[in-house]
Amino acid sequence: MNKPLQSKSTTGSYLIDPPGLKSWLFTLDHKRIGLMFLVLVSMALALGAFFALLIRTELTLPGPTIVSEPSTYNRLFTLHGAVMIFLFVIPVIPATFGNFALPMMLGARDVAFPRLNLASLYFYVIGLVFFLLVLIFGGIDTGWTFYPPYSTSTVTPVILAVVGAFILGFSSIFTGINFLVTIHTMRPTGMGWFRMPLFLWGLYGTAVIQVLATPVLAITLLLLAAERLLGIGIFDPKMGGDPILFQHFFWFYSHPAVYIMILPAMGVISEVVSVFSRKHIFGYKFIAYSSLAIALLGFLVWGHHMFTSGQSQLVGMIFSALTFTVAIPSAIKVFNWLATMYKGSIGLAPPMCFALNFIFLFGIGGLTGLFLGSLATDIHVHDTSFVVAHFHYTMAGGVLMAFLAGLYYWWPKMTGRMYNLVWGQVSAWMILIGFNLTYFPQFIIGSRGMPRRYYDYTRLLEVNPEFTFYQIISTVGGFTLVGGLVLVAFILLRSLFVGAKAPDNPWGSGTLEWQCNSPAPHENTPAPDDVGDCYDYNDLEFDEQTKGYVMKQ
Amino acid sequence: MISFAGLPLAQSGGFWLPDSATNSPAMDPVFYLILGICSFFFLLVVGLMVFFVVHYRRRPGVVPQKTASHNMLLELTWTFIPLVIVGAIFYQGFTAYIRMQTPPPNCYDLRVSARQWAWQFIYPNGHIDENLHVPVGEPIRLTMTSEDVIHGLWIPALRVKMDIVPGRYTSTWFRADKVGTYNLLCTEYCGDEHSDMLATVEVHTREDYDAWLKDAGNYLKTLPPAEAGKVLYQRRGCFQCHSVDGTAGTGPSFKGIYGETHDMADGTTAVVDDNYIRQSILEPQAKVRSGFQPVMATYQGLVSDDDITALIEYIKTLK
Amino acid sequence: MTESHPSDEKPNDGGCKAPHVAHHFDSAQQQYDSAKLGMWIFLLTEVLFFSGLFCFYAVYRANNPQVFVDGHHFLNTPLGAFNTVVLIFSSLTMALAVRAAQLDRNRSVVCLLAVTILCGLTFMVVKGVEYKQKWDHHMVPGQTRIAHWFSDENTQSPPKKFQPDVQYVREHLEEAGHADLDDEELAQRIDNLRSYMGIYFALTGLHALHVIIGVGVLCVVLIMAIRGRFGSHRFTPVDMTGLYWHLVDLIWIYVFPLLYLIP
Ligand code: HEA
Ligand code: HEA
Ligand code: CUA
Ligand SMILES: [Cu+2]
């Protein structure tokens, strides 16, 4: 494992040192910024989930259920998708755990550009405000994909949302620049590239994508806004423009964006699986390189969202072939995690439970990606709830589970409190069951003929009477899922008040952030000159007295 | 296992896919192939995971065993096996796709025009219908375009889907081998009534189809005048300028105009009665309603007297 | 990526850091490397941002070549060329400013930065003149709307499209050798002009925004220079601003022929 830090810091916990509201608002401390991001993205998640529940309730039965107008429903799924994507999954892991843990894992005092980091937080807040304005002005109804010419002709305040997404893009770019530079220039002398914790490889891959893809989305959204406002004509077929061009540019960002989401999530899983199996991570280099492979290959496959858009067969073929190649690095990671667990000593604390949930659910999500990547089958299931199920299994089943795993994992270091482990396990079970009940039926009805973004399916029942049954199951599952998440929130919030004081290293991790006090002190302590192997757990042992791991005597 | 439930039924739908209307759906075998592979790998991964969790669970006194921290051969194995497998899936999917996309030479051509939120299927004899009628067993090619935003045509039973884009033509083809009625849906989100933009595919025998097509053009005979008028209102494009819900467009709304007295641009007034409507259609500039531009073109020679009667009857019903 | 500078090897003052080294860096060298890498990555995002725009341009031009032929007659090429020269010159002064900072010539730094800023302002003034001409002939996208916001007459929302001065367009096209256009052709030309102006304002507008930001940053750097903050031990801010300024120039060097010089 990493050699213990030479001296433990003498400064107080970062939560109270320095004190005062102002010191929080203008803080340059990466830990505080990470924590504030955590609060904000959780709020975004709750907002998105609120829309999700309305969607689910509406779809339960045929005909209008709680939403009486299709236009309202269209606003619901658009807001749900846009909030979840732009405000939740894209920033979630880098901005929270990335910010919190990255410098500490490197033994650095902070990220390279702390002011830029704070700017990133404030840009996020401004973006959030824009989305709230969208809500106040009645919501938008374009779908999160903003396809023109619909998005340039609808009467809803599309420009506000587009500008919001544009600003959030800056937030994302700033984080990316910061992480790239920090990892490049601030690694301690003893930490070569292949000594870094794998979480950092995930963040690194993500940062590469953020920096390379986001500007392209930015210009695309800007042109969309200009088109709406001034009638420029780049996307308007009546003025010689090309609506399909927008789709190409949109997916050139948004496909890599799904890897922005999943790479850090996979990084979290790599850490958690190794720590809780008490085993050295298996195949470090393959996992590290596969992160880079995903980041780079991910740029070449955007056309798989457009197989039915009328693009030529040759183009379709190329994109399909490339799509399959990105599946390989994911497969490598899954198998390496399994190999890490082999002959380990697997402890089922909540972080590990959620990591297992991740493997289960992301496995389904990723494997169903094969149906979508294959040309013949995508023609049939494109734009159906099969796709909806696929991306919830990957985003909610993947990223959200990894987020919860990370949350349970770093919570003691972030707050200095332990939560109730048994209830944590209960929440994992509840979410696993609720999740499958919600989305598995959507695979079935999707391939049987249920399109996505449909307010009502009454008229489909004549041919597909079974839809009602599956939709009901899906809604019941949805509420179970929400129950599980609310339970998570409850467990964690409760720990703040009644939780036991957290030991410095409750899980026996080898990475540097666990070598300091819990909650982390204000001043990070620099890394020792000789950083050891962070996946070597041999010289750690459990100490009954502190309920945490300490160096073997 | 539930995931295998559909396998034996691969030919005509099953648990996973809707019944097929063609005898040789190129897509279905690929779908079940991928389903099989996915089920296998899912069971493998989750099976191993559960086994490890149970077998190597943490127990007092039991320490993790020392194993290698990497193994090149093993890792290359689980890089290449999936690579070969996805290669196979790609190949199957691609060849099936080519078969699905390449129309045979002797297709029967129909045109499709989509707009918010209705379908127009245009038949060789000029008839326009809101449903798709096709003869059984013959290859049909659809050439499609949109008048406003992007739509998508999906016929689940035939496994065809293609987006319909304004300003260009896309096309797709299929062959329905079973007489019957199937769903046709819009799958590209297109606004408020997206989920209502539905039609049916009626597959007839060739004789029935010919008979239907002969009659179909004749809706003036087969429908009551007011309903025929409604059809004309759509087909002749009156809807582009005249709404029926009271909102003024380029032209005045038809709602409630019958029997009203209107001010004309030249300062006179006129009562909207049968003759006024007739004149408005044939000589629109003769009396121009105040507040509107005289932009309506004459329909002289384009509509018959019966058509006009039907339109008048339709306008009367719009109270 | 990081080219080496004569004074790259700043003293690594082990333990006792120079005052301008932020608390989270170990050494001035690390701080300098970080700033440089960060700046390059930022420039990369800018390049990608404009590449996207150029891609849109390329596709649109490939699909509608006539739009560009018709539209470019309405640009003032001499003014555009003048601006190009101004910017290239400013790049030179900027580069010299960086050099001067490295060589501890503080006075030259101040002068050169001031000249660079003046060039940037000249560019903006000329651009302003060009924009004003477009406005006067009703050729700014969304002009009817913008004008509408500032007047309180009409309550109905005006069309998005601008209505150029038809007589002017006709005369101008005749001058450019397209005589005897009938009404229909003229209407077509006007449509083309609309699309063209959309693209013109998108490209030059975004570029102008970058010039404005650049001038703003240069002013800050200038003030720092006047206060004598730079020298061979510390010139990162001048260096970084210089990189940004060169990028802004470079983009204009692409924008100019793409919009003004169309065969
Ligand atoms: C976190 C997000 C995320 C992730 C990681 C992925 C991962 C993948 N996605 Fe997904 N996808 C989305 C989010 C994501 N997707 C979203 C949001 C959409 C829809 C957007 C919209 O339209 O609104 C979408 C849509 C989408 C489409 C377009 C569908 C359509 O609209 O018609 C396609 C098509 O190819 C696709 C494919 C894939 C593939 C091949 C992967 C692969 O990377 C998956 C790789 C993983 C595995 C393969 C599983 C693990 C491996 C094993 C268990 C070992 C065994 C493996 C083998 C033998 C191969 N996705
Ligand atoms: C990360 C992305 C994400 C996530 C997590 C979710 C989560 C959920 N989504 Fe999501 N969904 C999308 C992204 C996401 N969705 C996108 C992009 C679309 C497409 C939109 C479009 O078509 O344009 C979509 C569309 C979509 C549809 C299809 C609509 C249609 O096409 O007609 C449906 C229908 O069932 C649905 C349901 C749900 C449900 C029930 C959840 C549930 O999983 C929600 C559960 C989550 C919670 C209940 C959170 C509760 C949180 C708290 C209580 C705070 C807790 C705080 C802490 C733990 C710290 N979503
Ligand atoms: Cu038409 Cu959806
Ligand atoms: Cu994708």
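Reminder, nothing fancy here: chain letters follow the sequence lines and each chain counts from 1.
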Counting only non-hydrogen atoms closer than 4.5 Å, does [X] touch chain A with its backbone (N, CA, C, O), its side chain (CB onward), both, or neither?
{"X": "B:D148", "value": "backbone"}
{"X": "B:L44", "value": "side chain"}
{"X": "B:C38", "value": "both"}
{"X": "B:V30", "value": "both"}
{"X": "B:M49", "value": "both"}
{"X": "B:R99", "value": "neither"}
{"X": "B:T170", "value": "side chain"}
{"X": "B:A26", "value": "neither"}
{"X": "B:L74", "value": "side chain"}
{"X": "B:V45", "value": "both"}
{"X": "B:Q92", "value": "neither"}
{"X": "B:W154", "value": "side chain"}

Classify the angle between the aromatic ring planes of B:F90 and B:F94 as parallel (below 30°), tilted (30 to 60°) or perpendicular (above 60°).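 Judged by the thresholds at 30° and 60°, the geometry between B:F90 and B:F94 is parallel.
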Report yes or no: is the cationic atom of [X] (NZ for Lys, CZ for Arg) under 6.0 Å from the centre of the six-membered ring of [Y], at an angle within 45° of the ring normal?
{"X": "A:R448", "Y": "A:Y470", "value": "no"}
{"X": "A:K285", "Y": "A:F194", "value": "yes"}
{"X": "B:R115", "Y": "B:F239", "value": "yes"}

May I ask you to check whether B:D192 and A:S71 show a side-chain donor-acceptor distance below 3.5 Å?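 No - no donor-acceptor pair under 3.5 Å links their side chains.
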Out of [options], which one racks up the most heavy-atom pairs below 4.5 Å with chain B?
{"options": "A:T323, A:T154, A:I364", "answer": "A:I364"}
{"options": "A:T308, A:I359, A:I332", "answer": "A:T308"}
{"options": "A:T325, A:V334, A:L356", "answer": "A:L356"}
{"options": "A:Y455, A:F307, A:Y342, A:F276", "answer": "A:Y342"}
{"options": "A:A331, A:G310, A:A321, A:G363", "answer": "A:A321"}
{"options": "A:G344, A:S374, A:P237, A:S309", "answer": "A:G344"}

Measure [X] against the heavy atoms of chain B and call it side chain, backbone, both or neither at under 4.5 Å.
{"X": "A:P329", "value": "neither"}
{"X": "A:Y147", "value": "side chain"}
{"X": "A:H280", "value": "side chain"}
{"X": "A:S277", "value": "backbone"}
{"X": "A:N464", "value": "side chain"}
{"X": "A:F542", "value": "neither"}
{"X": "A:P451", "value": "both"}
{"X": "A:S447", "value": "both"}
{"X": "A:L348", "value": "side chain"}

Can you tell me if A:S151 uses its side chain to pair, donor with acceptor, with the backbone of A:T142 under 3.5 Å?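 Judged by distance alone, no pair lies under 3.5 Å.
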Would you check if the side chain of B:Y189 reaches a backbone N or O of B:I150 as a donor-acceptor pair within less than 3.5 Å?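 No; judged by distance alone, with no hydrogens or angles, the pair does not exist.
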Over all heavy atoms of both residues, which pair between A:S274 and A:T340 is shortest? Give the atoms and the distance, please.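 Smallest interatomic distance, heavy atoms only, reads CA-CG2, 4.0 Å.
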Are any of the side-chain heavy atoms of [X] and [Y] separated by less than 4.5 Å?
{"X": "A:Q311", "Y": "A:F319", "value": "yes"}
{"X": "A:Y73", "Y": "A:Y454", "value": "no"}
{"X": "B:W119", "Y": "B:C186", "value": "yes"}

Check step by step if side chain to side chain contact (heavy atoms under 4.5 Å, CB included) holds for B:I98 and A:Q313. CA-CA 8 Å; B:I98 293 294; A:Q313 296 183 351; 3.3 Å; yes
Largest heavy-atom contact set with chain A, pairs under 4.5 Å, which of [options]:
{"options": "B:F51, B:F41, B:F52", "value": "B:F52"}
{"options": "B:K66, B:M27, B:E75, B:Q65", "value": "B:E75"}
{"options": "B:V46, B:T67, B:L198, B:N71", "value": "B:L198"}
{"options": "B:I85, B:I89, B:I37", "value": "B:I89"}

Might you work through the side chain to side chain contact (heavy atoms under 4.5 Å, CB included) test for A:F362 and A:Y393, ending with a clear yes or no? CA-CA 6 Å; A:F362 177 74; A:Y393 266 95; over 6 Å; no
More than 12 heavy atoms from other groups under 6.0 Å of NE2 on B:H70: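 No, because the 6.0 Å sphere around NE2 of B:H70 holds 12 heavy atoms or fewer from other groups.
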Crowded around A:F360 CZ? As in, over 12 foreign heavy atoms under 6.0 Å?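 Check passes, neighbour count above 12.
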Pair B:K161 + A:D378: basic N to acidic O under 4.0 Å: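 A:D378 and B:K161: not salt-bridged.
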Supply the atom-to-atom distance A:L322 CG to A:I318 CD1, rounded to the nearest 0.5 angstrom.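 Going from the CG atom of A:L322 to the CD1 atom of A:I318 covers 7.5 Å.
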State the CG-OG1 distance between A:N336 and B:T79, to the nearest 0.5 angstrom.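 It comes to 8.0 Å.
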